[in-house]
Amino acid sequence: RRMNQAAAEDRPFVGVFPVGPVGQYDRLAQKITAERVDLDHCTLFFMDEYAYPNGQTIDKSSAWSFEYTAHRHLFDLISGTGLDLSRVHFPGPDNIAQYDEMILDASDGRGADVVYGGVGWCGHFAFWEPHQYRHTEPLRPTADQVARAARWLIEATAPMIHAGSGIIHAGAYAELR
């Protein structure tokens, strides 16, 4: 709906997404194809990618790579819809410091039209966690803690998340402890 709304308003659509779980992407691809949605105005930012301790991301052709997974479960299924893959971004050492600026630039300064996310197995919001949280035990948040963390993200006064850096995630993380 938001992609179509942006097209009707003759403006770019910018979305920020996690990669997993992946089941929704197969269904999204089916819907995009069935409804013949034109994606030529869309720029997509993904929150996740596995990286080695030195910050280098894993090989994009690895089955463990989130980028590989996104291609397999979404991009490969929607070829011909106008989506320019040069406008699809994953965090890495070459762009993480500018990820929020990239989102603002792609959206003509408005910020993302939509940001989807979820709480990961250890309570994280995306995989690029703040250093102090990387070596903690997995969290087992209650439903109430997850709701408080979600409210924190919704009510955050920051104009934009710094996707992947943990800057805005840290406040939500604190709600889960």
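Just so it is clear, the values below take in all heavy atoms, side chains as well, and ignore hydrogens, waters and symmetry mates.
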task = Check whether any side-chain N or O of Y99 sits under 3.5 Å from a backbone N or O of H89 as a donor-acceptor pair, and report yes or no.
result = yes
note = Checking M47, E49, H71 against F66 for side-chain contact (heavy atoms from CB on, under 4.5 Å), the one that qualifies is E49
message = Does K31 have more than 12 heavy atoms from other residues, nucleotides or ligands lying within 6.0 Å of its NZ?
response = no
ask   = Between atom CG of D38 and atom CG of L83, what is the distance when rounded to the nearest 0.5 Å?
value = 10.0 Å
message = To the closest 0.5 Å, what do you measure between OG1 (T69) and CG (L74)?
response = 11.5 Å
key: Reported CZ-to-CG distance for the pair F13 and N4, which is rounded to 0.5 angstrom   = 10.0 Å
inquiry  = When you group the ILVMFWY residues by side-chain heavy-atom contacts below 4.5 Å and let the links chain together, are I58 and F90 in the same group?
reply    = yes
message = If you compare all heavy atoms of R2 against all heavy atoms of V114, which two are closest, and at what distance to 0.1 Å?
response = NH1-CG2, 3.1 Å
query = When rounded to the nearest 0.5 angstrom, what distance separates CZ in R36 from OG1 in T81?
reply = 13.0 Å
key: Closest non-hydrogen atom pair, I96 against P91   = CD1-CB, 3.7 Å
key: Expected output: side-chain R87 to main-chain V14 donor-acceptor under 3.5 Å   = no
request  = Report the distance from atom CD1 of I78 to atom CG of L39, rounding to the nearest 0.5 Å.
outcome  = 5.0 Å
key: Taking every non-hydrogen atom, the tightest pair across T57 and P93   = CG2-CD, 4.0 Å
Expected output: side-chain T33 to main-chain A29 donor-acceptor under 3.5 Å = yes
task = Measure across H41 and A6 and return the closest heavy-atom pair with its distance rounded to 0.1 Å.
result = CD2-CB, 3.9 Å
key: Shortest non-hydrogen separation from V115 to A112 and the atoms involved   = CG2-CB, 3.8 Å
task = Evaluate side chain to side chain contact (heavy atoms under 4.5 Å, CB included) for R11 paired with D108, printing each intermediate quantity in order.
result = CA-CA 9 Å; R11 63 176 178 80; D108 297 331; 5.6 Å; no
ask   = Should the ring pair F75 and F46 be called parallel, tilted or perpendicular, given that the plane angle runs from 0 to 90° and is split at 30 and 60?
value = perpendicular
query = So, for P12 and R110, which heavy atoms are closest and what is the spacing to 0.1 Å?
reply = O-NH2, 3.1 Å
remark   = One should read off an interatomic distance between F17 CZ and L28 CG, to the nearest 0.5 angstrom, of 7.5 Å
message = Could you check whether atom CG of D94 has more than 12 heavy atoms from other residues, nucleotides or ligands sitting under 6.0 Å from it?
response = yes
